Asker: 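Below are the structure tokens for one structure; questions will follow.
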Amino acid sequence: MEPRFVMDEKIETELLINKIISKTICQLNVSSKLVGRFNISKNILTDKDIEINIERLEASQFGIDCVRLQKVAIVVPYRNRSEHLQIFLNNIHQLLIRQNLVYYHIFVIEQQGLDPFNRGRLMNIGFIEALKWYHGFDCFIFHDVDLIPEDDRNDYRCSVRGPRHMSGFIDKFNYKKYTDLSIGGVCSFTRQQFDLVNGFSNKFWGWGGEDHDLANRVRYYGMNILRMENEFQRYTMLKHEQDKPNPFRRRILKMGKQSYHYNGLNSLRYRIIEHIDVGRLYTKIIVNLGHSIHNQVQKF
Ligand code: UDP
Ligand code: MN
């Protein structure tokens, strides 16, 4: 039998560890730097000026010290929206620094060439390449470049309870809450959740379909899409032309179920054209996805 004083010592150590942990885990509601709803900045700054903003903000955070539990990769699909990108970077870094919740890095995945845009493929590439960049990412936020969060109480983390649709209220739609089953715009997945659904479909070229397909995958694999009921999830959508809808999108969506297990992360093909680390601001990876017509003719 263990002598009693050893037991006491063990309990005391456990209590001490618990105390340290509970005291220092970063939490959304305890940061004094949160401002709640704010006016987003639509200034188009250079990388250098964004960096200066970030450094200034970080200096003012000095003294707030806590344990960041999640390591988040923010994946942004991208082509030819340079003004949006600068506005996005400036706002998102400031929000994440004010939240002070996680370690994060931003990956901008740029589609090369003139084929229709393939958002799903770019997201999948972002997931794979982020993990090559740093193996420890446990949370992935898939983020349109034109959606700018308006409230820093919007939780930029993942939930083990399920993938989360984060952009529930968008100014373009008069902040009408999403009622459909989509997960478009901004969403978060733990690494395991994204692996489980085999990522996005690779088959959607042009506007539409891939987000509904992802939502179907989530339900097919027995998970719920989480949505916050509160209005912390308000976003401004920066102005852009409507991209050409993919005429095949409904057909591909219908046929989706049979192909979840072989169309996604495990069937992804691409070529990296360029990999540019812009310091801590972001990493841009320019990729060649192959040709859309070829793919569609082959599969349908
Ligand atoms: N996107 C892009 N260039 C394009 C088309 C799309 O960078 O030519 C990216 C960008 O991140 C954008 C996202 O894909 O926010 C979704 O596309 P879009 O904004 O056209 O979709 P919508 O807002 O109409 O649903
Ligand atoms: Mn948009």
Side-chain angles (χ1 to χ4, degrees), residues 40 42 44 73-93 95 106-127 129-130 140-150 154 156 165-189 199-215 233-250 252-253 270 273-274 276 278 281-289 291-292:
I40 71 161
K42 289 195 182 168
I44 299 158
I74 300 191
V75 177
V76 182
Y78 177 80
R79 182 167 69 186
N80 195 23
R81 297 220 183 155
S82 58
E83 295 188 347
H84 287 184
L85 181 59
Q86 296 312 108
I87 298 173
F88 172 76
L89 290 170
N90 188 31
N91 283 276
I92 203 78
H93 274 294
L95 178 140
I106 297 171
F107 296 88
V108 175
I109 315 298
E110 177 171 342
Q111 179 173 337
Q112 187 203 42
L114 297 173
D115 281 284
F117 198 68
N118 191 324
R119 184 171 172 271
R121 248 176 229 228
L122 296 170
M123 298 301 201
N124 286 342
I125 293 169
F127 177 82
E129 290 299 321
F140 296 80
I141 298 185
F142 300 99
H143 209 306
D144 279 5
V145 74
D146 59 15
L147 287 174
I148 312 296
E150 297 177 6
N154 187 347
Y156 269 68
H165 186 215
M166 295 172 65
S167 51
F169 304 86
I170 299 178
D171 67 338
K172 186 176 164 188
F173 310 114
N174 295 321
Y175 301 107
K176 215 173 108 220
K177 186 170 167 285
Y178 263 87
T179 50
D180 68 5
L181 301 167
S182 166
I183 195 166
V186 186
C187 61
S188 74
F189 281 72
F200 277 83
S201 165
N202 294 313
K203 291 184 182 171
F204 292 91
W205 297 89
W207 183 91
E210 85 295 338
D211 48 351
H212 282 90
D213 182 87
L214 183 67
Q233 303 181 55
R234 287 165 70 106
Y235 284 79
T236 296
M237 192 188 286
L238 304 172
K239 294 220 165 13
H240 60 76
E241 308 260 304
Q242 164 79 47
D243 209 358
K244 207 166 131 240
N246 169 7
F248 304 110
R249 67 186 187 285
R250 293 200 184 88
I252 305 172
L253 194 60
Y270 61 97
I273 303 299
E274 213 177 333
I276 312 153
V278 189
L281 215 53
Y282 67 105
T283 293
K284 183 187 270 190
I285 302 174
I286 304 174
V287 288
N288 181 301
L289 303 181
H291 289 301
S292 62

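As the structure is a prediction and not an experimental result, all values here were calculated from the model. Both ligands and their constituent atoms are indexed starting at 1 by order of listing.
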Asker: What closest approach, in Å, do Leu253 and Gly209 show between heavy atoms, and which atom pair accounts for it?
Answerer: CD1-O, 3.7 Å

Asker: What residues, two or more places apart in sequence or in another chain, satisfy side chain to side chain donor-acceptor pair (under 3.5 Å) together with Thr283?
Answerer: His105, Asp277

Asker: Calculate, to the nearest 0.5 Å, the distance between atoms CE and CG belonging to Met237 and Asp144 respectively.
Answerer: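 Going from CE on Met237 over to CG on Asp144, the span is 6.5 Å.
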
Asker: With a 4.5 Å limit on heavy-atom distance, are the side chains of Asn246 and Ile252 in contact?
Answerer: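 Contact flag for Asn246/Ile252 side chains = yes.
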
Asker: Go through the steps to decide whether Ile109 and Val287 satisfy the test side chain to side chain contact (heavy atoms under 4.5 Å, CB included), and finish with yes or no.
Answerer: CA-CA 7 Å; Ile109 315 298; Val287 288; 4.0 Å; yes

Asker: Please set out all donor-acceptor pairs under 3.5 angstrom arising from side-chain atoms of residues 78-88, sequence neighbours excluded.
Answerer:
| unit_1 | atom_1 | unit_2 | atom_2 | d |
| --- | --- | --- | --- | --- |
| Tyr78 | OH | Ser82 | N | 3.1 |
| Arg79 | NH1 | Gly113 | O | 2.8 |
| Arg79 | NH1 | Asp115 | O | 2.9 |
| Arg79 | NH2 | Asp115 | O | 2.9 |
| Arg81 | NH1 | Asp146 | OD2 | 3.2 |
| His84 | NE2 | Lys239 | O | 3.0 |
| Gln86 | NE2 | Leu45 | O | 2.9 |
| Gln86 | NE2 | Asp47 | OD1 | 2.9 |

Asker: Which protein N or O atoms sit under 3.5 Å from any N or O of ligand 1? Give atom names and distances.
Answerer:
| unit_1 | atom_1 | unit_2 | atom_2 | d |
| --- | --- | --- | --- | --- |
| ligand 1 | 3 (N) | Arg79 | O | 2.8 |
| ligand 1 | 7 (O) | Arg79 | N | 2.9 |
| ligand 1 | 7 (O) | Arg79 | O | 3.4 |
| ligand 1 | 11 (O) | Pro77 | O | 2.7 |
| ligand 1 | 11 (O) | Val145 | N | 2.9 |
| ligand 1 | 15 (O) | Val145 | N | 3.4 |
| ligand 1 | 15 (O) | Asp146 | OD1 | 3.1 |
| ligand 1 | 15 (O) | Asp146 | OD2 | 3.1 |
| ligand 1 | 19 (O) | Arg81 | NH1 | 3.1 |
| ligand 1 | 19 (O) | Asp146 | OD2 | 2.8 |
| ligand 1 | 19 (O) | His240 | NE2 | 3.0 |
| ligand 1 | 20 (O) | Arg81 | NH2 | 2.9 |
| ligand 1 | 21 (O) | Trp207 | NE1 | 3.4 |
| ligand 1 | 23 (O) | His240 | NE2 | 3.3 |
| ligand 1 | 24 (O) | Trp207 | NE1 | 3.0 |
| ligand 1 | 25 (O) | Trp207 | NE1 | 3.1 |

Asker: Does atom CD of Glu241 have more than 12 heavy-atom neighbours, drawn from other residues, nucleotides or ligands, at distances under 6.0 Å?
Answerer: no

Asker: What count do you get for protein N/O/S atoms less than 2.8 Å from the Mn ion (ligand 2)?
Answerer: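 Number of qualifying protein atoms: 2.
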
Asker: Between Val75 and Gly126, what is the shortest heavy-atom contact and its length?
Answerer: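 The pair with the smallest heavy-atom distance is CG1-CA, 3.7 Å.
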
Asker: Is it true that the side chains of Thr236 and Glu150 contain a donor and an acceptor less than 3.5 Å apart?
Answerer: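 Indeed, the side chains of Thr236 and Glu150 share at least one donor-acceptor pair under 3.5 Å.
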
